[in-house]
There are 2 protein chains.
Amino acid sequence: MKRTTSSGHLARLDKLESMLKSEDFLTVRALSHALHVSTRTLYRDINILRDRGLPIDADKGKGGGVRLHRSWGVGKLSLTEEEAVDLLLSLAMSDRLNSPLFLESLQSIKYKLLALLSTDQKRKIENLRSRVLIGSSASPSVHASYEQSDVPICSALKQAFISKLCLEVSYEDENKRETHRVIEPHYLYFNTPVWYIFAWDHLRMDFRVFRVDRMKRSFALSARFELRPKQEFEHLIETDSPISL
Amino acid sequence: MKRTTSSGHLARLDKLESMLKSEDFLTVRALSHALHVSTRTLYRDINILRDRGLPIDADKGKGGGVRLHRSWGVGKLSLTEEEAVDLLLSLAMSDRLNSPLFLESLQSIKYKLLALLSTDQKRKIENLRSRVLIGSSASPSVHASYEQSDVPICSALKQAFISKLCLEVSYEDENKRETHRVIEPHYLYFNTPVWYIFAWDHLRMDFRVFRVDRMKRSFALSARFELRPKQEFEHLIETDSPISL
DNA sequence: TATATAGCTGCCATTTTGTGTCACATTTAG
DNA sequence: CTAAATGTGACACAAAATGGCAGCTATATA
């Protein structure tokens, strides 16, 4: 069984880093007490953190101390690829949906994230992005009939959409009739607060639009489909406005 | 003068981490040669990285090796405090607005982000969060009259809201009359796609609701205000539903 | 089944590095 | 000037990392 975190030294450096992040002015003496080491050791630790790129400011003399430089980072967030994709798409959507109140920083986050991605990953996201369309606003009647979808349904749909897999769905149409279909989810269309799927319907052998909140069950099949150009669906959209990264 | 990076051990761990990120299948023997240490040491390093949360997979037997868990590859994102705050609030709002299509990962991002924050920062965000309310849907007439706000106006408003500063605004009311006021922005209310401010109006000496997109100019003053309880504004809200982190 | 490969762990002598103490330099506020 | 603070150098000592080595399990291949 392991102790706390790895080697003790690393753990202390982590702790020091977060202490510098939280409080805004501390003396080395105080920090050394808190971490149960001598001040000499703490100076050495601080130098290590500085070498690793942390912008630690220090004020000498009475009333001085050490702190992280203004506009300090919040720590390093590591994301999985799926998380990065979801985040970028959500940021792009927020861009379109919310007025720019809390969105200033989201631009810079977007660029930071994009900088971290490989060209492969960026191309992948770009492909997805172009398959997500955002509308202006839903009609009142749509609003009235809207129901929140279950997470499992969304999960299968998302997987099928991303991997271009056929999707088996139970769909309840406007007249409450439930039908069973196999569809190819080509494009997603969001019209607050409703998601639509522009799909090729294997049952009707034609392009159809489905409301995600009307899907009762869904299951991603293993069969792949080839993406059809957006133009073939355009007549189904009122306000065509693809989101942009 | 220092040598390479800090302590040698840390530098090697960093290097190992980035090597695992870039290549996708490496044997411990190869890695140990590349880093000029014994295989035994490398196994120990790998354990340290695992303890620190890196999802390192290993395949035993011929053709095996170590690699980062499938679907990894995004590096570490460092955010400023403002970016973290904006991101958390946006995630919380997306949670409420978008149906759960691309939002599964956003939950885990949220938790990762919260884990990085100090208790001070978390408390600060929690305070802000409780002052942002989300409505269900705007009426069609509101939709029709909606105009996108300018970024500078939003910037001043945001600053005043966060720091609890009085705000000087030029406001154009329903009848297109422009008035000049000083308000205290206590609460924000979002009803897609419109932001409202619940404020104490120094001109009328009463609680008033302002539409952000009707603000023509805004300027944050240096005077602070004391937050009034949400209850005093409740009669102004139709659907009271604070967002949750 | 046997063999080679590759991940993984425990033990221990050896080497390296981290640590504390002390001395001393430097800057700053009162 | 004095006190409080950052910062560095040197040295003995303690602690941790390292490298072999022996031995384990799991997997692919002949």
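In what follows, every chain begins at residue 1, and chains take the letters A, B, ... in the order their sequences are listed.
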Exercise. How bent is the helix from C/dT1-D/dA30 to C/dG30-D/dC1, comparing axes over its five end pairs at each side, to the nearest 10°?
Worked result: 40°

Within this structure, what is the [atom1]-to-[atom2] distance between [X] and [N], rounded to whole angstrom?
X       : N      : atom1 : atom2 : value
B/Leu20 : C/dG7  : CG    : P     : 11 Å
B/Ile56 : C/dA6  : CD1   : P     : 18 Å
B/Arg12 : C/dT17 : CZ    : C1'   : 12 Å
A/Leu16 : C/dT19 : CG    : C1'   : 16 Å
B/Ile48 : C/dC8  : CD1   : P     : 15 Å
A/Asp45 : D/dA16 : CG    : P     : 14 Å
A/His36 : C/dT19 : NE2   : C1'   : 16 Å
B/Phe25 : C/dG7  : CZ    : C1'   : 11 Å

For this session: Looking only at non-hydrogen atoms, find the nearest pair between A/Ser218 and A/Val169 and report the distance.
Result: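 Shortest heavy-atom separation between A/Ser218 and A/Val169 comes out as CB-CG1, 4.0 Å.
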
Seminar exercise, completed: Closest heavy-atom pair, A/Lys112 versus B/Leu77, reported as atoms and distance to 0.1 Å, is CB-CD1, 3.5 Å

Short side-chain N/O contact to [N] OP1/OP2 from [X], under 4.0 Å:
X       : N      : answer
B/Thr41 : D/dG19 : yes
B/Arg44 : C/dC11 : no
A/His9  : C/dT19 : yes

For this session: Return the set of residues passing side-chain hydrogen bond (donor to acceptor under 3.5 Å, both in side chains) with B/Ser38 (not counting sequence neighbours), or none when no residue passes.
Result: B/Thr41

Problem set entry | Sequence-distant partners of B/Arg12, side-chain hydrogen bond (donor to acceptor under 3.5 Å, both in side chains), two or more places apart | B/Asp45

Exercise. Is the B/Phe225-B/His186 ring centre distance short of 6.0 angstrom?
Worked result: yes

Exercise. Would A/Tyr189 and A/Trp195 count as a close aromatic pair, with their ring centres under 6.0 Å?
Worked result: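 Between A/Tyr189 and A/Trp195, the centre distance exceeds or equals 6.0 Å.
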
Exercise. Got a sec, which residues hit side chain to side chain contact (heavy atoms under 4.5 Å, CB included) with A/Leu221, two or more places apart in sequence or on another chain?
Worked result: A/Cys166, A/Glu168, A/Val182, A/Phe219

Exercise. Looking at residues at least two apart in the chain, or sitting in another chain, which of them share a side chain to side chain contact (heavy atoms under 4.5 Å, CB included) with A/Asn127?
Worked result: none

For this session: First locate atom CZ of A/Arg44, then atom CG of A/Leu13, and finally report the distance between them rounded to the nearest 0.5 Å.
Result: 12.5 Å

Output a table of nitrogen or oxygen pairs between the protein and nucleotides 4-8 of chain D separated by less than 3.5 Å.
residue : atom : partner : partner atom : Å
D/dA5   : O4'  : A/Gly61 : O            : 3.3
D/dT6   : OP1  : A/Val28 : N            : 2.7
D/dT6   : OP2  : A/Tyr43 : OH           : 3.2
D/dT6   : O5'  : A/Tyr43 : OH           : 3.3
D/dG7   : OP1  : A/Arg50 : NH2          : 3.2
D/dG7   : OP2  : A/Arg50 : NH2          : 2.6
D/dT8   : OP2  : A/Asn47 : ND2          : 3.1

